[in-house]
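Heads up, the thing below is written out as structure tokens.
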2 protein chains.
Amino acid sequence: MTETTPSKLCDTPRNAVGRVGVLDISARLFREQGYGAVSLRKIAGAAGIKAASIYYHFGSKDEIVVAVLDRGIRVVHDSMRQAVSALPENTGAEAILRTAIQAHLRALLDLSDYTSANVRIFGQVPQPVRDANLPLRRAYEAEWDALLTRLRDDGALKRDVDIRRLRLMLIGALNATLDWFDPDRGSADALSRSYADVFLNGILQRQDT
Amino acid sequence: MTETTPSKLCDTPRNAVGRVGVLDISARLFREQGYGAVSLRKIAGAAGIKAASIYYHFGSKDEIVVAVLDRGIRVVHDSMRQAVSALPENTGAEAILRTAIQAHLRALLDLSDYTSANVRIFGQVPQPVRDANLPLRRAYEAEWDALLTRLRDDGALKRDVDIRRLRLMLIGALNATLDWFDPDRGSADALSRSYADVFLNGILQRQDT
DNA sequence: GCAAATATCTAACAACTGTTAGGTGGCTGG
DNA sequence: CCAGCCACCTAACAGTTGTTAGATATTTGC
């Protein structure tokens with residue numbers, strides 16, 4: 001959740017909040033309250049500093065938001081790629097998809113305020129900010145498209161699926177969990193199993209057994 | 001899309017915007033730009049009146065938002081209920097589910113700025129406003145739960161599905177289309193067919209034929 | 001021990017927000 | 001023809017927003 005740039009082992013002023021602290025707090029507040037409800041003074045207050053001090057670390061509010069959004073994508077992208085590439089060579093299509101889904105939901109619901117903040121506020125943010133975040137988003141989407149295309153070409157998925165549409169459906173469905181997921185009612189991993197079950201096999205009772 | 005209260009057949013001043021006009025414009029702006037980006041002056045400007053004039057029709061901004069949110073749910077609820085209840089008595093489970101999904105997506109993507117505004121801004125709005133909209137939301141969710149429970153008890157769905165979770169997955173997935181759906185790239189009805197296909201049967205290629 | 005850098009502070013700005021008070025013109029019922 | 005209501009107007013308010021300028025304490029490198 002932290003991942004400080006380890007430039008030097010000792011940050012200079014002893015009790016300083018610093019750029020990373022401001023960013024962490026911003027991500028948490030954006031995730032909890034949305035974009036419009038979080039002012040610079042709110043961020044500063046939660047960090048124990050004054051609003052103007054933020055301008056020592058960032059040139060504008062938008063710069064903070066872009067930094068939060070970008071890292072949100074990086075976290076979930078790394079999480080998904082690493083989980084999939086850690087699988088054994090001969091892993092089946094179903095297990096690959098289940099792993100990717102699990103990694104995405106873990107990053108969104110357990111791992112990172114940045115990823116959840118991204119999903120929550122992306123649609124609320126001014127367009128220049130959205131545009132700045134788009135390249136990283138596109139790269140993550142391309143990773144999913146590549147994975148799904150590979151599975152389809154291996155014959156694991158129905159031949160006629162539209163990859164782009166399937167990816168939009170899948171990620172959209174997973175991201176929507178952020179609106180209602182409650183860690184007290186169930187784990188992210190259990191939830192990811194449910195989603196994999198539905199997407200892989202559907203909900204209809206079958207008469208083939 | 002309109003549904004004016006038909007109190008009297010002739011609204012008095014000829015070129016008046018009126019309560020309904022303000023509401024229609026608010027819904028459209030909220031759908032297009034989100035909650036935080038739409039001020040009273042923006043609404044008034046789009047309506048061709050001044051901000052203070054809005055207070056003739058509404059007591060506060062929140063009152064407008066609640067009115068928009070409530071009607072958004074009413075539209076999609078009526079649309080779904082009416083579509084399902086118009087089906088012949090002996091309609092199968094699969095066709096019922098497909099119809100409900102289609103009605104929901106139609107209301108969201110084709111029919112109503114109110115429904116799309118609701119889905120877009122519900123998560124951005126202050127909590128008292130959310131709370132005011134909750135009863136109608138709950139009623140719509142209960143309608144879905146009843147439908148899904150009936151299908152499961154008829155043996156059409158897998159016996160072990162959690163109804164509440166399935167409903168959250170389904171409606172969440174459908175609502176997420178609002179972020180990317182482009183009417184120029186495909187119809188809402190075609191999209192609803194894709195969603196029904198995936199939810200009913202999954203995406204895995206089967207070896208049973 | 002001193003200069004420099006780091007991370008914060010105070011004070012203020014213009015713009016914008018939702019909201020209120022009170023005034024105005026036109027249509028309608030009697 | 002006129003009282004009254006409907007739907008709007010102008011003007012202004014207090015509070016909040018992102019942002020800037022300049023001062024200040026603390027730590028570090030030499």
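Quick note on labels: first sequence line is chain A, next is B, and so on, each numbered from 1. Nothing here was measured: the structure is a model prediction, and the numbers come from that model.
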Whole-Å distance separating the [atom1] atom of [X] from the [atom2] atom of [N]:
| X | N | atom1 | atom2 | result |
| --- | --- | --- | --- | --- |
| A:Phe58 | D:dT20 | CZ | P | 15 Å |
| A:Tyr56 | C:dT8 | OH | P | 9 Å |
| B:Ile43 | C:dG18 | CD1 | P | 8 Å |
| B:Ile64 | C:dG18 | CD1 | P | 9 Å |
| B:Glu63 | C:dG18 | CD | C1' | 14 Å |
| B:Asp62 | C:dT17 | CG | P | 16 Å |
| B:Arg19 | D:dC6 | CZ | C1' | 15 Å |

Taking the side chain as every heavy atom from C-beta outward, state whether [X] and [Y] have any atom pair closer than 4.5 Å.
| X | Y | answer |
| --- | --- | --- |
| B:Val38 | B:Ile121 | no |
| B:Ile96 | B:Val84 | yes |
| A:Arg137 | A:Asn118 | yes |

Q | Nucleic acid footprint by protein, nucleotides 20-25 of chain C - heavy-atom cut-off 4.0 Å, B for base, S for sugar-phosphate alone | A | BB----

Q.
Taking the axis from the first five pairs and the axis from the last five, what angle separates them in the helix from C:dA4-D:dT27 to C:dG30-D:dC1, rounded to 10 degrees?
A.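 The end-segment axes of the helix from C:dA4-D:dT27 to C:dG30-D:dC1 are tilted 10° relative to each other.
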
Measure all distances between protein nitrogen or oxygen atoms and nitrogen or oxygen atoms of nucleotides 12-17 of chain D, and list the pairs falling under 3.5 Å.
| unit_1 | atom_1 | unit_2 | atom_2 | d |
| --- | --- | --- | --- | --- |
| D:dT17 | OP1 | A:Ser39 | OG | 3.3 |

Q) Would you say C:dC9 has OP1 or OP2 under 4.0 Å from some side-chain N or O of A:Ser53? A)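 A:Ser53 to C:dC9 OP1/OP2: side-chain N or O found under 4.0 Å.
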
Q) Under 4.0 Å: is that the gap between some side-chain N or O of A:His57 and OP1 or OP2 of C:dT8? A)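 Answer is yes, contact under 4.0 Å.
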
Q: Give me the one residue out of B:Ile163, B:Leu157, B:Val161 that meets side chain to side chain contact (heavy atoms under 4.5 Å, CB included) with B:Leu151.
A: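 That would be B:Leu157; it is the only one of B:Ile163, B:Leu157, B:Val161 passing the side chain to side chain contact (heavy atoms under 4.5 Å, CB included) with B:Leu151.
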
Q | Name of the residue among B:Arg28, B:Arg31, B:Arg71 meeting salt bridge (charged side-chain N to carboxylate O under 4.0 Å, His left out) with B:Asp113 | A |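 The passing option is B:Arg31.
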
Q) Do the ring planes of B:Tyr140 and B:Trp144 sit parallel (below 30°), tilted (30 to 60°) or perpendicular (above 60°)? A)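 It falls in the perpendicular class, over 60°.
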
Q.
Tell me whether B:Thr177 contacts the main-chain N or O of B:Ala173 through its side chain, where contact means a donor paired with an acceptor under 3.5 Å.
A.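 Not a single qualifying donor-acceptor pair exists.
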
**Q.** Short side-chain to backbone donor-acceptor contact, B:Asp182 and B:Asp184, under 3.5 Å
**A.**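 The answer is yes, because a donor-acceptor pair under 3.5 Å joins these two groups.
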
**Q.** Short N-O contact, B:Asp197 and B:Arg98, less than 4.0 angstrom
**A.**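 Judged by the 4.0 Å cut-off on N to carboxylate O distance, B:Asp197 and B:Arg98 do form a salt bridge.
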
Q | side chain to side chain contact (heavy atoms under 4.5 Å, CB included) evaluation trace for B:Asp131 with B:Gln127 | A | CA-CA 6 Å; B:Asp131 291 344; B:Gln127 203 164 3; 4.0 Å; yes

**Q.** Nearest-0.5 Å distance that lies between atom CG in B:Leu191 and atom CD in B:Gln102
**A.**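 Those atoms lie 11.0 Å apart.
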
